[in-house]
Protein chains: 2
Amino acid sequence: MASLLEGKARPIRLADIAKAAGVSHGTASNVFSRPEIVRAEVRERVKAVAEQMGYAGPDPKGRLLRAGRVNAIGVATTEPLSYFFDDPFARVMMAGISEACDATGAGIALVSAANQEKLAWNIQSALVDGFILFCIEGGSRLVDLTRERRLPFVALELGFQDETVSAIGVDNVAGARLAARHLAELGHRRFAVLSLAFADNRTGFATPDIVRGALYTGTRDRLAGYFEELSRFGVDTTKIPVYETENEERSTRAGLEAIFARGEAPTAILAMSDRMALIAIDWLKARGLSVPGDVSIVGFDGVPDGALCTPPLTTIAQPITEIGRRAARMILDHDGAVRRETMGVELIVRASTGPARKG
Amino acid sequence: MASLLEGKARPIRLADIAKAAGVSHGTASNVFSRPEIVRAEVRERVKAVAEQMGYAGPDPKGRLLRAGRVNAIGVATTEPLSYFFDDPFARVMMAGISEACDATGAGIALVSAANQEKLAWNIQSALVDGFILFCIEGGSRLVDLTRERRLPFVALELGFQDETVSAIGVDNVAGARLAARHLAELGHRRFAVLSLAFADNRTGFATPDIVRGALYTGTRDRLAGYFEELSRFGVDTTKIPVYETENEERSTRAGLEAIFARGEAPTAILAMSDRMALIAIDWLKARGLSVPGDVSIVGFDGVPDGALCTPPLTTIAQPITEIGRRAARMILDHDGAVRRETMGVELIVRASTGPARKG
DNA sequence: GCGGAAATTTGAATCGATCCAACAAAAATG
DNA sequence: CATTTTTGTTGGATCGATTCAAATTTCCGC
């Protein structure tokens with residue numbers, strides 16, 4: 001009777017093999033996970049039975065539960081999944097993470113979600129040993145959500161006050177100063193800033209109040225760096241327009257419109273990301289302005305695209321790949337400690353900056 | 001006594017909460033997975049206990065084992081992990097896959113490995129409900145390995161004789177014919193082909209024997225398409241040099257060297273990938289040859305980069321994003337059937353092709 | 001206060017493996 | 001040949017949840 005029902009497509013378990021081969025499940029398990037400790041004769045017999053019954057090998061689901069370790073790290077963001085494949089900064093970062101994972105055989109699980117509830121669920125149910133968080137917009141929510149999982153995690157970008165969170169970032173103040181000094185030394189005195197977000201869901205000119213109340217301290221630090229350095233050159237920083245964008249096409253162009261609609265056009269633009277800088281170059285060229293003839297531009301990040309555009313972009317390069325590698329290592333070798341690392345940055349002078357025009 | 005030892009950092013389980021709150025595991029489980037069926041008063045009490053004990057929520061590892069479903073799909077290749085973030089074709093494909101996954105809340109696990117043993121292990125131990133295989137070099141091995149997992153999988157690229165494998169690909173013959181006709185109609189009569197691999201680990205001019213014995217039938221079909229169409233225009237296809245590359249920089253340049261070292265230089269190049277086509281444009285320009293003045297080039301794939309280079313690339317566009325979407329859907333809605341889909345392709349004429357020079 | 005329907009709660013079974021202490025058999029030693 | 005050692009095998013416990021049939025409680029109307 002029962003044998004008639006066995007046609008069911010129920011997948012074969014290790015226990016089935018053990019029974020069929022006449023050994024205990026312990027031995028059957030050893031045949032697959034530690035073949036060297038089981039007698040050759042038995043080993044071959046079990047393997048033959050497994051082969052013949054069409055056993056797919058030990059199911060990782062079962063192994064996982066026992067082992068407790070997934071051997072994969074989750075990379076999460078509030079952007080849609082395609083962000084990982086589109087955004088140049090993310091891509092370079094992922095290359096670094098991939099490298100570290102490849103080296104240890106760990107896997108990568110991409111986590112993201114179109115909406116907030118899904119994000120929460122995806123974070124809660126991701127099968128990973130830890131998370132690397134891309135703290136773009138909505139970063140603080142992402143951190144809160146992840147904290148609840150009680151797994152190790154690292155935030156990329158140190159733009160967090162919260163000292164209890166492990167993070168890797170760059171020295172934003174120093175980088176910003178490098179950029180500002182470079183332009184000032186070229187003789188520029190009229191500036192505009194294309195800024196990253198100070199808080200979520202805002203664009204437009206930033207007031208001192210907004211800057212003081214910044215949620216993203218990384219943005220605040222970069223601005224502080226710009227201003228500190230420019231002050232040393234006698235520039236009145238209170239007159240510098242700072243336009244907060246969402247680091248994408250639309251709001252960046254809106255920012256440029258707004259900046260150039262004001263009385264005195266800047267001769268130099270400090271962009272807090274290469275992405276904005278590249279959009280700016282494009283916008284300026286379309287407007288008939290020469291870069292760097294009429295306007296010089298310095299970016300921030302050092303993505304590969306910056307080297308390929310026309311003119312090639314002068315920028316503050318972060319060691320993006322290295323940050324990715326370290327973040328992955330931090331999760332893989334996690335020891336329970338909170339680590340906060342600040343990496344150095346480097347000014348890369350290309351052709352998007354030149355001497356200020358006379359007058 | 002025992003209570004003194006409880007300081008151990010052993011993570012809290014659902015059972016601990018149940019005991020502490022004085023309910024059964026069943027009820028405790030329901031509080032988290034189906035809160036609506038438990039009495040409000042009990043629900044709040046359990047939640048309060050969980051909160052107070054620092055419970056991280058039901059562990060996905062446990063849930064997974066019971067549920068049997070991971071809710072994630074694996075994307076595998078024999079290239080290193082960074083391939084997913086570097087290669088333009090892969091990136092567009094991933095965008096399509098991401099889209100489908102985002103829509104259903106499924107996750108993506110990237111699987112790859114530097115070496116063969118690791119690849120096997122990674123495929124065997126990936127926590128996924130199915131695989132999408134990028135069948136580049138070593139595709140057949142990848143298919144064999146995946147088949148052993150007995151999970152649903154789809155091969156991208158139909159270049160497989162094996163009809164028992166689900167696959168999505170494009171009509172290679174039709175695409176190739178489109179490319180060849182376009183060039184022939186422009187008056188070209190002297191051709192060269194930059195070919196994808198016919199088998200693993202080979203580069204150099206392909207002989208008829210190699211073509212006949214092709215492991216990758218997709219490559220063979222494209223070549224057949226080129227030849228069929230050119231024959232109709234009276235071109236002697238036996239004289240056309242076909243150089244097999246590894247679809248990367250070094251071997252493609254070597255191929256170009258070899259092709260142009262021969263007697264009569266071609267006036268048109270048929271490249272089986274945009275990647276090779278772009279490398280060819282670069283190589284020709286560096287050599288002082290004008291594209292399309294001296295040499296016309298048609299690519300294959302339709303990656304975004306092709307539209308941005310100078311001159312913009314004429315190519316056979318595959319519906320890459322759509323292929324990715326369908327592949328993901330095939331895994332997510334898997335019904336046990338083997339599906340083989342062939343998508344149409346489209347000739348996109350840009351500026352890398354022009355009339356053949358007189359003489 | 002009672003019967004019966006509806007709403008909750010219980011606890012054993014299950015998912016698919018790995019680990020390990022205990023035991024058995026074979027081999028080496030005195 | 002008795003006694004260690006070495007080598008292999010066994011079967012119960014465990015990982016952390018979910019499920020479901022059965023037991024219990026609550027709620028209602030009469």
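Protein chains get the first letters and strands the later ones, always in sequence-line order, with residue 1 at the start of each. For clarity, every value in this text was computed on a predicted model and none was experimentally measured. Below, each value reflects all heavy atoms present in this structure, side chains not excepted, and no hydrogens, waters or symmetry copies.
Rounded to a whole Å, the NZ atom of B:Lys19 is 14 Å from the C1' atom of D:dG16. As rounded to whole Å, 14 Å separates atom C1' of D:dA17 from atom NZ of A:Lys61. Counting to the nearest Å, the P atom of C:dG16 and the CG atom of A:Leu14 are 11 Å from each other. If you measure from atom CD1 of A:Ile37 to atom C1' of D:dT9, you get 9 Å, rounded to the nearest angstrom. Atom NE2 of A:His25 and atom C1' of D:dT10 are 8 Å apart (whole Å). A:Phe32 places its CZ atom 9 Å from the P atom of C:dA17, with the value rounded to the nearest Å. The distance from atom CZ of A:Arg34 to atom P of D:dT7 is 15 Å, rounded to the nearest whole Å. Computed from coordinates, the A:Glu41 CD to D:dT7 P distance equals 18 Å when rounded to whole Å.
The A:Ser24 side chain lies nearest to D:dT10 when the options are D:dT18, D:dT10, C:dA17.
For A:Tyr55, a side-chain nitrogen or oxygen approaches OP1 or OP2 of C:dA17 to under 4.0 Å. The shortest distance between the side-chain N/O atoms of A:Arg39 and the OP1/OP2 oxygens of D:dT7 is not below 4.0 Å. Look at B:Thr27 and you'll find a side-chain N or O under 4.0 angstrom from OP1 or OP2 of C:dT10. For D:dT18, the OP1/OP2 oxygens have a side-chain nitrogen or oxygen of B:Ser29 closer than 4.0 Å.
Evaluation of atom-type donor-acceptor distances gives a pair under 3.5 Å for the side chain of A:Arg66 against the base of D:dT14.
Ring centroids of A:Phe85 and B:Phe84 are separated by 6.0 Å or more, keeping the two rings apart. Aromatic ring centres of B:Phe89 and B:Phe134: separated by at least 6.0 Å.
Annotation: of the two residues near DNA chain C, A:Ala67 and B:Leu65, the 5′-most nearest-nucleotide partner is B:Leu65. With DNA chain D read from its 5' end, the first of the two nearest nucleotides for B:Arg63 and A:Asn30 is the one closest to A:Asn30. Both B:Gly22 and A:Ala28 lie close to DNA chain C; mapped to their nearest nucleotides by heavy-atom distance, the more 5′-ward contact belongs to B:Gly22.
Although no hydrogens or angles enter the test, the distance criterion places no donor-acceptor pair under 3.5 Å between the side chain of B:Arg45 and the main chain of B:Gly22.
Annotation for A:Val128 and A:Ala109: closest pair CG1-CB, 3.9 Å, computed over non-hydrogen atoms.
Note: A:Met94 CE to A:Asp87 CG = 12.0 Å, rounded to the nearest 0.5 Å.
The residue A:Gly26 sits close to a base: some heavy atom pair falls under 4.0 Å.
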